[in-house]
Amino acid sequence: MKIGAVRGMRDILPEETPLWRHLEAEIRAAFRLYGYREIRTPLLETAELFSRGVGEATDVVHKEMYVFPDKKGLLLALRPEATASVVRAYLEHGLYAKGGLAKLYYFGPMFRYEKPQKGRSRQFHQYGVEALGSLDPALDAEVIDLASYLVERLGLPREGLFLRINSIGCRRDRDRYREALRDFFEPRQAELCSDCRRRLSENPMRILDCKHPTCQPAIQAAPRSTDSLCGECGAHFQEVLAQLERLGLPYELDHTLVRGLDYYTRTVFELASKDLGAQDALLGGGRYDELAEMLGGPPTPGVGFAGGMERLVLVLRERLELELGRELDVYLIPIGEAPEVKRTAAWILAQLRRAGLAADMEYLGRSLRKATQVAARLARYALYLGPDELARGEVKLKDLGTGAESAQAIGAFERPEMLKRMLARG
RNA sequence: GGGAGCGUAGCUCAAAGGCAGAGCACUGCGCUGUGGCCGCAGGGGUUGCGGGUUCGAGUCCCGUCGCUCCUCCCA
């Protein structure tokens, strides 16, 4: 093979697209039930949107983002995530001026320049929701309930799933918390790995994310973000948790959950699966009450989540052996090379399709036996047309389920309703 | 960014320095114009790519590209 796909970019082959379509349909249906409407934003944005929104210092932006200048030298980026884009669109089109809550969902490819591995490629696909315009903790709970309903609806077994949740507070809380972490880890630098010693000055909250065993004792003993919450943020978090309990959604408080995007405030959560490898997060999200301002808009609170399609496919592929069914109604097999036969066959095909029947024809000149085998795999009916049939003005219709054959007048193909009745009878 | 393993037919994999193979899939035939079972036959390959060692390299060495997994980070 001369030219292959770009590293980290995968083809989704016809074998797998039915599963993708199924998942997308279920996800859309769930989003609709919760009152979300679809938004589609460009794959390409100015790089600044993400460096300001997601954060210049985050891995996603400064290490993993595809950035390049366009022909005028403007720095563009392939979106590494969608929340910043959605908020940008919300501000740009003045959706806040329309009043009320904007509940939006999206679907589509995202790009991050990383080492591809299980459950992670450079182009990957996310689905997600964003609820913009309300501070109500009930909305945090609703978004989490939606995530939970979604995985239920998709048939993921509850045992393999766990919901982690935490609150990192508002900006002032986070500033205070960062100081508390610095004060705590500063004298314990010797207990930290080299990465974490660097994080100590750059972004001490990321130390909590570290999986390095040597860091664990210090991390366990570290102050918790929930202890730095102001009164409002503390009350908000308590109400979110109370709502989750009322909804019957089990969760585990994870004080080390801080997430890698700068825009998060207050509630952060993750739904993870034990069936995935190192990349176990199925979906993740939280609140981002300051993002709109960071992008130059009016203060607009928001909460949402994003999930990875590839990871859903990984977890569901075996479990969801879809009854694909045969995708064709009719497979037409012309017999011999006579031009008049082939022309009539082509005409019949066209009529079938216009009558709304999925139909295809044997184009490879395979033996009748082989062609019939292929027909049986693809279609419910086989249609045979050879010189004999043509001379009689007929075709042979074979029900590939029962094996029953009957002769049908070619003229019948001029009337779609006749066709449908013919095939419905079987 | 760091680490480990692997690249041979469309797919899954053999060949432990000496003739590139099997199963599945594909095509034809047994069954002259009709599927599911069975049998027979056939087509398929620059062994990822480039260099090196050797009488001889799929096999050993170096490089490169790619894949997989871990770490990291995240969806």
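Numbered from 1 within each chain, the chains take letters A, B, ... in sequence-line order. Keep in mind it's a predicted model, so treat the numbers as computed, not measured.
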So what does [X] hit on the nucleic acid, given a heavy-atom distance under 4.0 Å: a base, only sugar-phosphate, or nothing?
X        : result
A:Asp209 : sugar-phosphate
A:Arg366 : sugar-phosphate
A:Pro109 : nothing
A:Leu364 : nothing
A:Arg206 : sugar-phosphate
A:Gly128 : nothing
A:Ile335 : base
A:Gly285 : nothing
A:Glu81  : nothing
A:Gly336 : nothing

Interatomic distance where [atom1] belongs to [X] and [atom2] belongs to [N] [whole Å]:
X        : N     : atom1 : atom2 : result
A:Glu114 : B:C72 : CD    : P     : 13 Å
A:Met309 : B:A75 : CE    : P     : 16 Å
A:Leu368 : B:G36 : CG    : P     : 13 Å
A:Tyr106 : B:A75 : OH    : P     : 9 Å
A:Leu385 : B:U34 : CG    : C1'   : 14 Å
A:Asp280 : B:C69 : CG    : P     : 15 Å
A:Asp388 : B:U34 : CG    : C1'   : 13 Å
A:Phe50  : B:A75 : CZ    : P     : 14 Å

Separation between the [atom1] atoms of [N] and [M], rounded to whole Å:
N     : M     : atom1 : answer
B:G66 : B:G48 : C1'   : 7 Å
B:C26 : B:G36 : P     : 12 Å
B:C13 : B:C70 : C1'   : 25 Å
B:G2  : B:G45 : P     : 39 Å
B:G43 : B:G7  : C1'   : 25 Å
B:A14 : B:U53 : P     : 30 Å
B:U27 : B:G35 : P     : 14 Å
B:G1  : B:U8  : P     : 25 Å

Both distances under 3.5 Å, Watson-Crick or G-U wobble: report the partner of [N], or none.
N     : answer
B:C11 : B:G23
B:G30 : B:C38
B:G1  : B:U71
B:U64 : B:G48
B:U54 : none

(message) Checking side-chain contact (heavy atoms from CB on, under 4.5 Å) between A:Phe305 and each of A:Ile144, A:Leu271, A:Val268, A:Leu146, which is the one that passes?
(response)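 Among A:Ile144, A:Leu271, A:Val268, A:Leu146, the one that satisfies the side-chain contact (heavy atoms from CB on, under 4.5 Å) with A:Phe305 is A:Leu146.
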
(message) Under 5.5 Å centre to centre and under 30° between planes: does that hold for A:Tyr384 and the six-membered base ring of B:G33?
(response) no

So if I take every side-chain heavy atom of [X] and compare against [options], which nucleotide ends up nearest?
X        : options             : value
A:Lys370 : B:U27, B:G35, B:G33 : B:U27
A:Gln117 : B:U71, B:G28, B:C73 : B:U71
A:Arg7   : B:A75, B:C67, B:G33 : B:C67
A:Arg199 : B:G28, B:C72, B:A75 : B:C72
A:Tyr264 : B:U34, B:A75, B:G35 : B:A75
A:Thr372 : B:G35, B:C70, B:U27 : B:G35
A:Lys115 : B:C72, B:A75, B:G2  : B:G2
A:Leu400 : B:C70, B:G35, B:A75 : B:G35
A:Arg369 : B:G36, B:G33, B:C31 : B:C31
A:Pro116 : B:U34, B:A75, B:U68 : B:U68

(message) With a 6.0 Å cut-off (strictly less than), is the heavy-atom count around CD of A:Glu252, excluding the residue itself, greater than 12?
(response)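 Check passes, neighbour count above 12.
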
(message) Please confirm whether the shortest side-chain N or O distance from A:Arg377 to OP1 or OP2 of B:C26 is below 4.0 Å.
(response) yes

(request) Could you walk me through whether A:Tyr105 and A:Tyr36 pass ring-ring contact (aromatic ring centres under 6.0 Å, His included), step by step? (result) CA-CA 6 Å; A:Tyr105 78 81; A:Tyr36 290 81; 7.7 Å; no

(request) Indicate the ring-plane relationship of A:Tyr127 and A:Phe31, choosing parallel, tilted or perpendicular according to the 30° and 60° boundaries. (result) tilted

(request) Could you label the plane-to-plane angle of the A:Tyr288 and A:Tyr263 rings as parallel, tilted or perpendicular, counting under 30° as parallel and over 60° as perpendicular? (result)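 Plane angle over 60°, so perpendicular.
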
(request) In plain terms, say whether A:Glu270 and A:Arg164 are close enough for a salt bridge, that is, a side-chain N and a carboxylate O under 4.0 Å apart. (result) yes

(message) For A:Arg176, is there an ion pair with A:Glu179 - N to carboxylate O distance below 4.0 angstrom?
(response)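 The answer is no: the pair does not qualify as a salt bridge.
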
(message) Within 45 degrees of the ring normal and closer than 6.0 Å to the centroid, is that where the cationic atom of A:Arg122 sits relative to A:Tyr113?
(response)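 Yes - A:Arg122 lies over the ring of A:Tyr113, closer than 6.0 Å to its centre and within 45° of its axis.
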
(request) Kindly indicate whether a cation-pi arrangement holds for A:Arg188 with A:Phe184, taking the cut-offs as under 6.0 Å to the six-membered ring centre and within 45° of the axis. (result) yes

(request) Kindly say whether, by distance alone, the side chain of A:Gln373 makes a donor-acceptor pair under 3.5 Å with the base of B:U34? (result)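 In this structure, the two groups form no donor-acceptor pair.
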
(request) Name the residue closer to the 5' end of RNA chain B, choosing between A:Glu270 and A:Met9 according to the nucleotide with the nearest heavy atom. (result) A:Met9

(request) Find which nucleotide of RNA chain B each of A:Gly307 and A:Tyr113 is nearest to by heavy atoms, and output the residue with the more 5' nucleotide. (result) A:Tyr113

